[in-house]
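Below: one structure, written as structure tokens.
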Amino acid sequence: QVQLVESGGGLVQTGGSLRLSCAASGPIVGSYTMAWFRQAPGKEREFVSAVSRLGLRTDYADVVKGRFTISRDNAKNTVYLQMDSLKPEDTAVYYCAASRALNRAREAEVYDYWGQGTQVTVSS
């Protein structure tokens, strides 16, 4: 059973930065598309960012483009999300996910494994 464990969440002021990490239990990171999703209270889960198997392609939701950076270290089985210029509307639980699909990276239903989530709170 593959497990994904997120860390790095916390409380930060507007304009601050956080780096989330997602550690995988097995050597899946090089074989899976990896992504971050988030869910704010009362809202549906939404796509944030994704990175291809070898890290050659990345994708970002428009609302985070230019502020967030996704990366992966396949040797460490870890994916990162660097979040800069944070805004109160970025407050949410952030989830790491892994998919064997090559396409549709923005769609939650194609992801096979999910982490438990890490809370990010941005104060105004």
Side-chain angles (χ1 to χ4, degrees):
Q1 180 71 20
V2 173
Q3 290 186 329
L4 302 175
V5 180
E6 302 99 333
S7 61
L11 174 64
V12 65
Q13 293 184 334
T14 297
S17 298
L18 285 173
R19 189 175 83 153
L20 305 183
S21 298
C22 172
S25 62
I28 70 167
V29 177
S31 302
Y32 287 72
T33 295
M34 301 296 294
W36 291 92
F37 287 76
R38 68 186 183 186
Q39 187 167 19
K43 296 186 177 181
E44 294 187 353
R45 188 171 298 189
E46 65 174 354
F47 169 79
V48 175
S49 182
V51 59
S52 61
R53 297 179 178 192
L54 298 180
L56 299 179
R57 289 180 286 116
T58 58
D59 188 22
Y60 297 93
D62 288 344
V63 293
V64 306
K65 196 173 294 183
R67 299 187 298 121
F68 290 11
T69 304
I70 192 170
S71 62
R72 64 193 297 165
D73 185 337
N74 287 347
K76 295 182 178 180
N77 284 334
T78 303
V79 178
Y80 304 98
L81 185 68
Q82 177 67 41
M83 305 186 296
D84 299 317
S85 302
L86 284 161
K87 305 175 181 180
E89 50 264 43
D90 294 318
T91 295
V93 177
Y94 283 71
Y95 297 91
C96 176
S99 170
R100 286 167 286 193
L102 297 178
N103 301 307
R104 300 166 58 199
R106 293 189 173 208
E107 301 177 33
E109 56 265 31
V110 307
Y111 286 85
D112 305 291
Y113 302 105
W114 292 84
Q116 82 291 346
T118 185
Q119 176 71 47
V120 171
T121 303
V122 184
S123 63
S124 58

So [Y] and [X], do their side chains get closer than 4.5 Å, heavy atoms only?
X    : Y   : value
L102 : R53 : yes
E6   : L20 : no
M34  : L4  : yes

[X]: side-chain contact (heavy atoms from CB on, under 4.5 Å) partners, not counting sequence neighbours:
X    : answer
V110 : S99, A101, R104, E107
V93  : Y95, Q119
V12  : L18, L86, V122

What is the distance from atom [atom1] of [X] to atom [atom2] of [Y], rounded to the nearest 0.5 Å?
X    : Y   : atom1 : atom2 : value
L54  : N74 : CG    : CG    : 7.0 Å
T118 : L81 : OG1   : CG    : 11.0 Å
R67  : M83 : CZ    : CE    : 9.5 Å

Do Y32 and V5 belong to the same hydrophobic cluster, where Ile, Leu, Val, Met, Phe, Trp and Tyr are linked whenever their side-chain heavy atoms lie under 4.5 Å apart, directly or via other members? no

Say whether Y60 and V63 are linked into one hydrophobic cluster, either directly or through other cluster members, by side-chain heavy-atom distances under 4.5 angstrom. yes

May I have all residue pairs that pass disulfide (SG to SG under 2.5 Å) and include part of residues 58-91, sequence neighbours excluded? none

Which residue pairs pass the disulfide (SG to SG under 2.5 Å) test with at least one member in residues 95-124, sequence neighbours excluded? C22-C96

List the atom of S17, the atom of S85, and the distance in Å for their closest heavy-atom pair. OG-N, 4.4 Å

What pair of heavy atoms forms the shortest contact from S124 to P88, and how long is it? CB-CG, 3.9 Å

Answer yes or no: are there more than 12 heavy-atom neighbours, outside E44 itself, under 6.0 Å from its atom CD? no

Enumerate the salt bridge (charged side-chain N to carboxylate O under 4.0 Å, His left out) contacts for residues 91-102, please, sequence neighbours excluded, ordered by first and then second residue. R100-D112

Tell me, which pairs form a salt bridge (charged side-chain N to carboxylate O under 4.0 Å, His left out) where one or both residues lie in residues 15-25, sequence neighbours left out? none

Does T14 use its side chain to pair, donor to acceptor, with the backbone of S123 at less than 3.5 Å? yes

Hey, is the main chain of Y80 close enough, under 3.5 Å, to the side chain of S21 for a donor-acceptor pair? no

How would you list, by chain and number, every residue that makes a ring-ring contact (aromatic ring centres under 6.0 Å, His included) with F37, sequence neighbours excluded? F47, Y111, W114

Can you sort out the partners of F68 under ring-ring contact (aromatic ring centres under 6.0 Å, His included), two or more places apart, ordered by chain and number? none

Salt bridge (charged side-chain N to carboxylate O under 4.0 Å, His left out) involving [X] - partner list, sequence neighbours excluded:
X   : value
R57 : none
K43 : none
D84 : none

salt_bridge(D90, K87) N-O dist < 4.0 Å: no

